[in-house]
Amino acid sequence: MTTASTDPINIGLVGLGTVGAGTVNVLRRNQVEISRRAGREIRIRSAAVRDLKVPRDCVVDDLTLTSNPFDVTDDPEISLVVELVGGCHIAKEVVLRSLQQGKHVVTANKALIALHGNDIFQAAHERGLMVAFEAAVAGGISIIKVIREGLSGNRIDRIVGIINGTSNYILTLMLEEQYSFESALQEAQRKGFAETDPSFDVDGIDAGHKLAILAAIGFGIPLQFDRVHVEGISNVTLDDIQYAAELGYRIKHLGIAQRTPAGAELRTHACLTPVNALLANVSGEMNAILIEGDAVGPTLHYGAGAGAEPTASSVVADIVDVVRALTTDPGNRVPHLAFQPSALTELPLVPILEVDSANYLRLQVIDQPGVLADITRILGEMEISIEAIVQKGASQDGEAVPVIITTHRTLEQQIVDASMRIEALETVVAPITRIRIYPDGA
Ligand code: NDP
Ligand code: HSE
């Protein structure tokens, strides 16, 4: 039997921005408690940044700062590299180089894991090294650990969540304080929630990366971001938020991974969510994830989805996990993607046009006799059942007015085809805004 080392362990950080500085602050503030939990003192030895002159939101006097990330990855005194740069270029090099150098890795980088995780885990597996990525999904919520460990006795049937803090923050400011989309986004950027390129947030890409990870560990399938149907919130207007409220809904951006008889649906998009649903009441940068397992039933996990210290909470938890596991037989560690690498299976993924959902449609139509009849005729011919139809206000001099329609569940292909036919009417003067309505039973 070997005796576990209690020597201090040196770690290195690459990136000292929002999350990097938060990680340094949490590690310093809670140093004693963290060491008691990890069983060893954790020392930050060095950190790499892009620009050495930028002031930092953490104390760096006792760290070696460098602008060369490979000074960190190649330092023989460092056992664990924490990648907090973001993106897939330098971050991928840092992670692969760290593994080549025999170092464990902690990362908060969902894009990197979703797009290159299969290769990274393979490289780590071959060398008996750990790659931990709790902070990559839902910031401070320990959702990876919940699915990979806490729910490992279940067949996971459905994962539905608010998994992009920036989108939820924008929708909340638009609903509660009538912010415009642009000013709400600027506020999210100022608070450090948004990605370097905020289109990743508002176009649903960041949520898509996270959903690919959740689906992999929930369903035991390989990471496949390219098969996730991705939509964001850029088309949601203050009017849509108001009309949805009048109909008893809040607009939320959701990630949905669910098993159906045809396979698995993986999609991210805005969704009209009934005001009394738990997810409708998740505000600001908070995230919440509903997981349904066959044994446990529905479980809900809530917490801050972005921000310096909530994210650092997950980064530090991963660091502690790695330090604890350093004395464990590599073959008996929790597998990266929850299932043993040789046991991943292919599950058919349902194309988005075969998904069915109820819909909210906002049309801009010329207010003249016969317009609504034309629209309802097309919907009827396409076998789409209308739940409600409301014209908002009356026009003067034939101006366009909004018409709101909600439909019962219908196949995506039918609503796409019907929308094209309706948009071709001369009296319909703008592209239709379509937002799906929250899935039944979620
Ligand atoms: P920031 O942009 O705030 O920080 C990025 C850091 O990386 C900066 O310190 C920057 O240096 C450094 N950096 C960039 N390029 C290089 C390089 N070539 N060499 C060395 N250092 C470099 O990002 P965040 O902290 O917000 O995000 C980091 C990661 O965490 C991303 O993957 C993000 O998706 C993820 N994440 C972020 C959350 C958040 O709330 N912000 C939440 C969950 C995950 P410099 O400061 O000198 O420019
Ligand atoms: N930009 C991301 C978000 C950060 O807003 O959710 C957390 O992953």
Side-chain angles (χ1 to χ4, degrees), residues 12-25 46-58 60 65-73 81-95 97 106-115 133-141 143-144 161-172 184-185 187-211 213 232-233 253 255 268 282 284-289 303-315 318:
L13 270 58
V14 183
L16 268 188
T18 303
V19 183
T23 300
V24 173
N25 289 332
S46 61
V49 293
R50 182 172 32 201
D51 182 350
L52 290 167
K53 293 192 216 75
V54 169
R56 301 290 151 194
D57 292 333
C58 58
V60 291
L65 280 190
T66 170
S67 57
N68 179 2
F70 302 113
D71 288 345
V72 176
T73 59
V81 173
V82 185
E83 182 279 307
L84 299 171
V85 174
C88 287
H89 177 55
I90 187 74
K92 185 178 175 197
E93 285 185 46
V94 163
V95 167
R97 176 74 160 244
V106 170
T107 178
N109 191 333
K110 48 274 162 133
L112 183 69
I113 296 297
L115 299 177
F133 53 95
E134 182 66 69
V137 183
I141 309 175
I143 201 67
I144 304 288
I162 293 173
I163 49 177
N164 182 263
T166 300
S167 298
N168 203 46
Y169 186 78
I170 292 171
L171 292 172
T172 303
L185 171 58
E187 193 60 16
Q189 288 178 292
R190 197 182 63 73
K191 294 202 161 193
F193 304 150
E195 297 301 302
T196 308
D197 176 354
S199 68
F200 275 56
D201 296 292
V202 299
D203 291 341
I205 301 164
D206 178 75
H209 290 148
K210 293 167 178 166
L211 193 76
I213 298 171
I233 58 164
H253 185 264
T268 75
V282 174
E285 76 278 21
M286 304 306 276
N287 280 191
I289 302 167
E309 292 214 358
T311 310
S313 166
S314 290
V315 171
D318 273 348

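Start at 1 and go down the list; that is how both ligands and their atoms are numbered.
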Does any non-hydrogen side-chain atom of Tyr169 lie less than 4.5 Å from one of Thr166?
no
Could you list the atoms of ligand 2 found under 4.0 angstrom from a heavy atom of Glu195?
1 (N), 2 (C), 4 (C)
Any nitrogen or oxygen of Gly87, main chain or side chain, under 3.5 Å from a nitrogen or oxygen of ligand 1?
no
Side-chain donor-acceptor pair present, Thr66, Asn68, cut-off under 3.5 Å:
no
Within a distance under 4.0 Å of any heavy atom of Gly192, pick out the atoms of ligand 1 and give their elements.
39 (C), 40 (O), 41 (N)
Check each heavy atom of Thr311 against ligand 2 and say whether those closer than 4.0 Å belong to the side chain, the backbone, both or neither.
neither
Please work out, at 4.0 Å between heavy atoms, whether the side chain, the backbone, both, or neither of Thr311 comes within that distance of ligand 1.
side chain
Could you list the atoms of ligand 2 found under 4.0 angstrom from a heavy atom of Lys210?
2 (C), 3 (C), 6 (O), 7 (C), 8 (O)
Would you mind reporting whether Leu115 and Lys92 have side-chain heavy atoms less than 4.5 Å apart?
no
Using a 4.0 Å cut-off to any heavy atom of Gly165, which atoms of ligand 2 qualify?
3 (C), 5 (O), 6 (O)
Which of the numbered atoms in ligand 1 are below 4.0 angstrom from a heavy atom of Glu195?
33 (C), 34 (O)
Side chain, backbone, both or neither: which applies to Pro69 and ligand 1 if a contact is any heavy-atom pair less than 4.0 Å apart?
side chain
Could you tell me, atom by atom, which parts of ligand 2 come under 4.0 Å of a heavy atom of Asp201?
1 (N), 2 (C), 3 (C), 5 (O)
Lys110 near ligand 1 by a heavy-atom separation under 4.0 Å:
yes
In plain terms, say whether Glu195 and Lys110 are close enough for a salt bridge, that is, a side-chain N and a carboxylate O under 4.0 Å apart.
yes
Proximal ligand 1 atoms for Leu84, defined as those under 4.0 Å from one of its heavy atoms
5 (C), 6 (C), 7 (O), 28 (C)
For atom 22 (C) of ligand 1, what's the nearest protein heavy atom and its distance?
Arg50 N, 3.6 Å
Atom 40 (O) of ligand 1 [closest protein heavy-atom partner, distance rounded to 0.1 Å]:
Gly307 N, 2.7 Å
What is the nearest protein non-hydrogen atom to atom 31 (C) of ligand 1, stated with its residue, atom name and distance?
Gly86 CA, 3.5 Å
Backbone, side chain, both or neither: what part of Ala135 comes under 4.0 angstrom of ligand 1, heavy atoms only?
backbone
For ligand 2, the portion of Glu285 having any non-hydrogen atom under 4.0 Å away:
neither
Numbering the atoms of ligand 1 from 1, which are under 4.0 Å from a heavy atom of Leu16?
6 (C), 8 (C), 9 (O)
Interfacing atoms of ligand 1 (cut-off 4.0 Å, heavy-atom, Ala306):
40 (O)
Between Thr166 and ligand 2, which residue portion shows a heavy-atom distance shorter than 4.0 Å: side chain, backbone, both, or neither?
both
So which heavy atom in the protein is nearest atom 8 (O) of ligand 2, and how far is it from that ligand atom?
Lys110 NZ, 2.5 Å
Which residue holds the protein heavy atom closest to atom 7 (C) of ligand 2, what is that atom called, and what is the gap in Å?
Gly305 O, 3.3 Å
So is Ala48 touching ligand 1 or not, going by heavy atoms under 4.0 Å?
yes
Give yes if a backbone or side-chain nitrogen or oxygen of Thr18 is under 3.5 Å from a nitrogen or oxygen of ligand 1, and no if not.
yes
Just which atoms of ligand 1 are under 4.0 Å from any heavy atom in Gly15?
6 (C), 7 (O), 9 (O), 12 (C)
State, yes or no, whether a side-chain contact exists between Val72 and Leu13 at a heavy-atom distance under 4.5 Å.
no
For the CG atom of Asp203 and the CD1 atom of Ile233, what is their distance to the nearest 0.5 Å?
9.0 Å
Checking the N or O distance criterion of under 3.5 Å, is ligand 2 in contact with Ala194?
no
Judged by heavy atoms only, the candidate from Thr23, Val54, Val14, Val85 nearest atom 5 (C) of ligand 1 is Val85
One finds that the ligand 1 atoms under 4.0 Å from a non-hydrogen atom of Arg56 are 9 (O), 45 (P), 46 (O), 47 (O)
